[in-house]
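Notes follow once the structure below has been shown.
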Amino acid sequence: MALDNRTNIFFRYGLVVGLILLVSGWVMRYLVHTTVIDAEAWNHKADTELSRSYPILPERGNILAADGSILAANLRFYTVRIDFRSERFNSKLYLDTIETICDSLAARFPRRTKEQWKTYLLQPMTKLKEERPRAFPVITNINYAQLQWLRTLPFFNIKNPNRNGLVVEDYLKRVNPYGNMARRSIGGVGETRECAEVHGISGLEKALDSLLYGIPGTARKVALTRDMVPWTEVPAVPGYDIVTTIDINLQDVVENELNSMLEYCDADWGVAVLMDVATGDIKAISNLEKNDRGAGYIEGMNRAVLGYEPGSVVKTLSMMVALEDGIVSSPNEVIATGSGWAYAGGNRITDSHGVNSLTVAEVIERSSNIGMAKIITRKYDSHPGGFYSRVKQMGFLEPMNTGIAGESTPRFDSVPTDRGGRIALSRMCYGYATEIPPLYTLSIYNAIANGGRYVRPRLVQRLIGADRDSVLPVTYIRDRVCSEQNAELLRKMLTRVVWGDHGTARRLRNDNVRIAGKTGTCYMIEDRHYNKSKKRLAFCGFFPAENPKYSAIVLISSPRRNAMGAPSTSGEVVKGIAMKLYSRGLLDNSSDFHEGKKAAVGEPDKVPTYHASAVNPDRAKQLHSSLAIGGSHRSYRAPSGTTAPGTVPSVRGLSVREAVARLENAGYNVELHGIGSVRSQSPAAGTKASKGAKVVINLN
């Protein structure tokens, strides 16, 4: 019996030893193959891996407003996860502190209530340990300050990640801190069809992508004692920071004025551009259209650089040609007009308010199609293409290269000398049979305001890089598009459009800012025919008329109610912009604008009232500092709706600007604490409080 046991033991030992020797032989065989027979192949593979270069993607540059505020930037965000199956996960402590955690999260991140947070965070604990998630998302898309705050909470403040299973993921994201403000002009980024790298796909992001993107670097792997790690050979060069001409305060005014009018008249879309007369700097640009997925208006297609039939705003360009070419000798020269004119056998050209005769100046003041057609055809009747050549000579058809992607040039046809060409000429001169982007129309009015100097509109004024800080100079399409004398005559004509007895924009008169400009109405084409029930309504001009500082154009499409004319829609937007700038002391005036100031004679609308806080520089500084979150800002949209008199409105969850605007519009003084969006307010919403009372809002 003992012998049999010994035999079995030796057999087992022999079997184990044999298996060990077999495995050792197999290992030795592959070791010899690897180190001797296949050594050359493995060395070649290692050399290939070590010599291979890997691209290092550069950091994309920021897009900044004129004052340095960030309009677009790469910011780092974080997602916090919990590994509920980590080796030493402290389940008891997690359950003991869940009440405190959820209470804090509900106060800081009111996207869920305390009970909702508790239900959400306890979901994994209802499962068996081996079935619990290893990467449960606690919260996503938070900034660094919020991450640091989260780490102070009970359970999350444990240093050992094995005890709380805490995992933090970080990633870069291109953000627009001001939300949709000038969104289309700033543009967006994304992967292109050509490559998976992130490049600009619209707006400034696309037009200036080569500057913003930077220069990729290279890296290769090097062998260390225990691993192969990347080693930088050529460092990546970050992209340039681009300083735009956009003024955040002016952009805010323009967007809100345009948005208010679009809602008032229920239009399809609208575009507004505000430009500095002397430099051509685009201080504000807004493109709003109806939101197909909800209420209100959102940033839409960048129509400021797309061509449309301009209507009567182009008469100013035609009058400039007439003055420069000597077609008319004096603004007082009389033109026979009448109620209609059948030129070259075409359809009768008519005026909405026809009279027997008009002076040259009144052709602009009353916006006479007949008068303008008769003036231009005096010279170009026999060679209609000459009008096209004259406009081209002025530089009006050249690319502006403003930096806005998608920019198109005006379409003025070089028409033949036959009857059809003559008819086309008579239409082009007052705004039909041609297509002009609003920005080009504005450039001509800006030149008139600038004494005839044809400055180039621009959206970029400075490039900032590691080795360069370049201020781009003001440039000119033409040093002079018309004489200073003719520019003065045109300014007087455009001033009469608002201040003349028969001006088409008389409703824009006010005692504070004299506006000069021209209205324009154009029927829209549908199925190759004009639909007279749908109009595009324009107003282009400058202010103050006596010493122009800003030029502006507004184009509104298809209003349906309340206001249906160019002065009452687009004109009112320009007037509202001018009044807001005046109230804030931005027109070289003192900002002592008070409620109840008497309107000008002939002005049908009441002059708006502006709260003193709207022009308080200390408030502006407080708002600016309160908005800063990791180098970014919150978006702003003017509040809509009102609250019951004497009742504090609710502002919880709103951005700081929206909250301040809502409270101050209700008549309360505001005190801010913290940064971010509104976490709480005192007094609470619905509390009765007299006007002038202080409301404290605490921010995240």
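In this chain, numbering begins with 1 at the start of the sequence shown.
The distance from the CD1 atom of I349 to the OG1 atom of T337 is 12.0 Å, given to the nearest 0.5 Å. Of the inter-residue distances, the one linking I327 atom CD1 with I376 atom CD1 reads 4.5 Å to the nearest 0.5 angstrom.
In this structure, the side chains of M275 and T245 stay at 4.5 Å or more apart for every pair of heavy atoms. Within the 4.5 Å cutoff, side-chain heavy atoms of E407 are placed close to those of T402. Looking at heavy atoms from C-beta onward, V474 lies in side-chain contact with V455 at the 4.5 angstrom threshold. Between E362 and S368, every side-chain heavy-atom pair lies at or beyond the 4.5 Å cut-off. Proximity of R536 to M524: side-chain heavy atoms (C-beta onward) are separated by under 4.5 Å at one or more points. Within the 4.5 Å cutoff, the side chain of P384 has no heavy atoms near those of the M428 side chain. Between I282 and L439 the shortest side-chain heavy-atom distance falls below 4.5 Å. With contacts defined as side-chain heavy-atom distances shorter than 4.5 Å, the pair L262/I556 qualifies.
Scanning for ring-ring contact (aromatic ring centres under 6.0 Å, His included) contacts around Y388 gives an empty result, with sequence neighbours left out. Evaluation of the side-chain contact (heavy atoms from CB on, under 4.5 Å) rule for R560 yields D266, D268, K290 as partners, not counting sequence neighbours. Residues passing the side-chain contact (heavy atoms from CB on, under 4.5 Å) test with L64 are N62, I70, D241, V243, sequence neighbours excluded. For A545, the side-chain contact (heavy atoms from CB on, under 4.5 Å) test picks out T495, R514, A516, with sequence neighbours left out. For the side-chain contact (heavy atoms from CB on, under 4.5 Å) test, residues two or more places apart in sequence or in another chain that qualify with T409 are P399, Y440.
In terms of heavy-atom proximity, V313 sits nearest to A538 at CG1-CB, 4.0 Å. In this structure, K392 and L397 approach most closely via the heavy-atom pair CB-CD1, 3.7 Å. Annotation for T519 and P567: closest pair CG2-CG, 3.8 Å, computed over non-hydrogen atoms. Closest approach of R390 to E324, counting heavy atoms only: NH2-CB, 3.5 Å. Here the shortest heavy-atom pairing between C265 and A563 reads CB-O, 3.7 Å. Between R427 and A433, the shortest heavy-atom distance links the atoms CB-CB, 4.1 Å.
The backbone N or O of A342 lies less than 3.5 Å from no partner atom in the side chain of R348, so there is not a single donor-acceptor pair. The closest donor-acceptor contact from the side chain of S408 to the backbone of V305 lies under 3.5 Å. Here the side chain of N256 pairs a donor or acceptor atom with the backbone of D252 at under 3.5 angstrom. In terms of modelled atom types and a separation under 3.5 Å, the side chain of D247 and the main chain of N249 share a donor-acceptor contact. When atom types are taken as modelled, the side chain of S260 and the backbone of E257 share no donor-acceptor pair closer than 3.5 angstrom. Remark: the backbone N or O of L71 is paired with a side-chain donor or acceptor of N176 at under 3.5 angstrom. Between the side chain of S357 and the main chain of I335, no donor-acceptor pair closer than 3.5 Å is present. Remark: side-chain polar atoms of N291 are not paired, donor with acceptor, to backbone N or O of I298 under 3.5 angstrom. A donor-acceptor pair under 3.5 Å is absent between the side-chain atoms of S69 and the main chain of A65, judged by distance alone. E289 contributes no side-chain N or O that, together with a main-chain N or O of Y297, makes up a donor-acceptor pair within less than 3.5 Å.
A salt bridge is absent between R366 and D351; no separation between the charged side-chain nitrogens and carboxylate oxygens falls under 4.0 Å. A salt bridge links E398 with R478: the distance from a Lys NZ or Arg NE/NH1/NH2 to an Asp or Glu carboxylate oxygen falls below 4.0 Å. Ionic pairing of R378 and E333 is present here: one or more N-O contacts between side-chain nitrogen and carboxylate oxygen are shorter than 4.0 angstrom.
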- Task: Check step by step if side chain to side chain contact (heavy atoms under 4.5 Å, CB included) holds for C429 and Y380.
- Result: CA-CA 11 Å; C429 69; Y380 296 107; over 6 Å; no

- Chi angles and distances behind the side chain to side chain contact (heavy atoms under 4.5 Å, CB included) call for K535, S558: CA-CA 5 Å; K535 303 175 183 178; S558 301; over 6 Å; no

- Task: For side chain to side chain contact (heavy atoms under 4.5 Å, CB included), just list the numbers for I515 and F539, CA-CA rounded to whole Å, side-chain angles, deciding distance to a tenth of an Å, and then say yes or no.
- Result: CA-CA 11 Å; I515 298 171; F539 184 86; 4.0 Å; yes

- List the steps, then state whether side-chain hydrogen bond (donor to acceptor under 3.5 Å, both in side chains) holds for N446 with S443. CA-CA 5 Å; N446 193 82; S443 72; over 6 Å; no

- Item | Test log, rule side chain to side chain contact (heavy atoms under 4.5 Å, CB included), inputs N302 and I404 | CA-CA 9 Å; N302 202 336; I404 304 175; 3.3 Å; yes

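Side-chain atoms of K518 and S367 form a donor-acceptor pair, as typed in the model, at a separation below 3.5 Å. Side-chain polar atoms of N369 and K315 form a donor-acceptor pair below 3.5 angstrom. Checking Q461 against T244 by side-chain atom types alone, no donor-acceptor pair falls below 3.5 Å. For T316 and Y445, the side-chain atoms include at least one donor-acceptor pair closer than 3.5 Å.
Between Y550 and F543, the ring planes are tilted. Angles from 30° to 60° get that label. Between F396 and F412, the angle of the ring planes goes over 60°, which puts this pair in the perpendicular group of the 30/60° scheme. Under the 30°/60° scheme for interplanar angles, the aromatic rings of Y343 and W341 are found to be tilted.
Seen from the ring of Y308, R303 does not count as a face-on cation partner, given the 6.0 Å and 45° thresholds.
Sequence neighbours left out, the pairs with a member in residues 272-287 that pass salt bridge (Lys or Arg N to Asp or Glu O under 4.0 Å) are D281-R458.
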